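For reference, the structure discussed in these notes is given below.
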There are 2 protein chains.
Amino acid sequence: MSQTQMLKGIIDGCLLAIINEEECYGYEMATRLSHYGFSSISEGTIYPVLLRLQREELVSSTRKQSTAGPKRKYYNLTQKGEDELAVFLRNWNEISRNVNAVITREVEEEEK
Amino acid sequence: MSQTQMLKGIIDGCLLAIINEEECYGYEMATRLSHYGFSSISEGTIYPVLLRLQREELVSSTRKQSTAGPKRKYYNLTQKGEDELAVFLRNWNEISRNVNAVITREVEEEEK
DNA sequence: ATTGTTTACCTTGTATTACAAGATATACTC
DNA sequence: GAGTATATCTTGTAATACAAGGTAAACAAT
């Protein structure tokens, strides 16, 4: 029951949400995630996810010059990516509601 | 980004919470979960989790006669299980807060 | 020029886990 | 005795987070 396990299926959705805010590159997403409170999501986690999102055609990327370092790979959402983000938000809200129901012992209306 | 993936590390915590409410057996936990809104968590998922929780000494079990069917295996939390439930609740609250921060674009106070 | 630091990206292997699909068995009803 | 609801367990598969490591560019300092 580590946090690692609880992050499964959540990181990709969060990255879609971050990219949706604004065109962004991997290295910066790591710092963004930490600003949002995720303290321990490393690049070894983020980059493989981004490659997968691109393979699934949820994001597109363009390389741009950096001021200090190798070229950055900026990501944007595709239409498919926007759709998937909407699915993620629905799923997150549902699961979130259900878990909170369990831990506060509140049975859902339609199931009473 | 299926719901399956998003449930990883969450089901065990929810089962601990349910057992903590009241002594309970696997078959009933399935129906309890559906009352809490989880529509598709099957017994093939629940039983292996319960066996794992017991192997990790988070729960103990006693067999009791059923009115209709084979004996039920009632589970209780051990002290270790109560501690682990507290850890789960902390982790869930943290992750939940962070994800909500990402999707509402609200940067956490201490990270501003 | 060489050393170090920060930026930036990627790959490989491991461990964990949810779940479908199936198997087994008990108690009750018709 | 056949059918149904109850109750538990096992096996194999697919997905994913992450540590650990590797590569390389730009710049500063010595």
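Every chain is numbered from 1 and lettered A, B, ... according to where its sequence line falls, protein lines coming before strand lines. All of these numbers come straight from a predicted model, not from anything done at the bench.
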TODO: Report which part of the nucleic acid B:T4 touches: base, sugar-phosphate, or nothing (heavy-atom distance under 4.0 Å, all strands).
DONE: sugar-phosphate

TODO: For A:G69 and for A:I41, find the nucleotide of DNA chain D with the closest heavy atom, then tell me which residue's nucleotide is more 5'.
DONE: A:I41

Open item on the list: Does A:V99 form a side chain to side chain contact (heavy atoms under 4.5 Å, CB included) with B:W92? I'd like the steps, not just the answer.
Closed with: CA-CA 9 Å; A:V99 173; B:W92 166 254; 3.5 Å; yes

Open item on the list: Applying a 4.0 Å non-hydrogen cut-off, can you work out what A:E28 is touching in the nucleic acid: base, sugar-phosphate, or nothing?
Closed with: nothing

Open item on the list: With a 4.0 Å limit, can you tell me whether A:T45 has a side-chain N or O closer than that to the phosphate oxygens OP1/OP2 of D:dC18?
Closed with: yes

Open item on the list: Counting only side-chain heavy atoms from C-beta out, which of C:dC19, C:dA8, D:dC9 sits nearest to A:Y47?
Closed with: C:dA8

Open item on the list: Expressed as a whole number of angstroms, how long is the span from A:K71:NZ to D:dT23:C1'?
Closed with: 17 Å

- [ ] Select one nucleotide: of C:dA18, C:dT26, D:dT10, the one nearest the side-chain heavy atoms of B:P70.
- [x] C:dT26

Task: base_contact_polar (D:dT16 base, B:K8 side chain, donor-acceptor, <3.5 Å) - done: no

- [ ] Would you mind telling me which residue lines up with the more 5' stretch of DNA chain D, A:S66 or B:R72, judged by nearest nucleotide?
- [x] B:R72

Task: Between P of D:dA7 and NZ of B:K73, the distance in whole Å - done: 15 Å

TODO: Identify whether NZ of Lys or CZ of Arg in B:K73 sits under 6.0 Å from the centre of the six-membered ring of B:Y25 and within 45° of that ring's axis.
DONE: no

Open item on the list: On DNA chain C, compare the nucleotides closest to A:Y25 and B:S42; which residue's is nearer the 5' end?
Closed with: A:Y25

Task: Value in whole Å for how far the P atom of C:dT16 lies from CG of A:L7 - done: 16 Å

- [ ] For A:G26, report the nucleic acid contact type (base, sugar-phosphate, nothing); a contact means any heavy atom under 4.0 Å.
- [x] sugar-phosphate

TODO: Find the distance B:E43:CD to D:dT6:C1' and express it as a whole number of Å.
DONE: 9 Å

- [ ] Could you tell me whether the side chains of A:S61 and A:Q54 share a donor-acceptor contact shorter than 3.5 Å?
- [x] yes

Task: Gap between atoms CZ and P, on B:R55 and C:dT16 respectively (whole Å) - done: 10 Å

Task: Between D:dA26 (P) and A:Y27 (OH): distance, integer Å - done: 16 Å

Task: Atom-pair distance (CG on A:D12; P on D:dT16), nearest Å - done: 7 Å

TODO: Answer whether the closest heavy-atom distance between the side chains of A:E84 and A:E56 falls below 4.5 Å.
DONE: no

Task: B:Q65 vs C:dA27: side-chain N/O to OP1/OP2 distance below 4.0 Å - done: yes

TODO: Could you tell me whether B:E106 and B:R97 make a salt bridge, using a distance below 4.0 angstrom between a side-chain N and a carboxylate O?
DONE: no

TODO: Nearest whole angstrom, please: distance from the C1' of D:dC9 to the CE of B:M29.
DONE: 15 Å

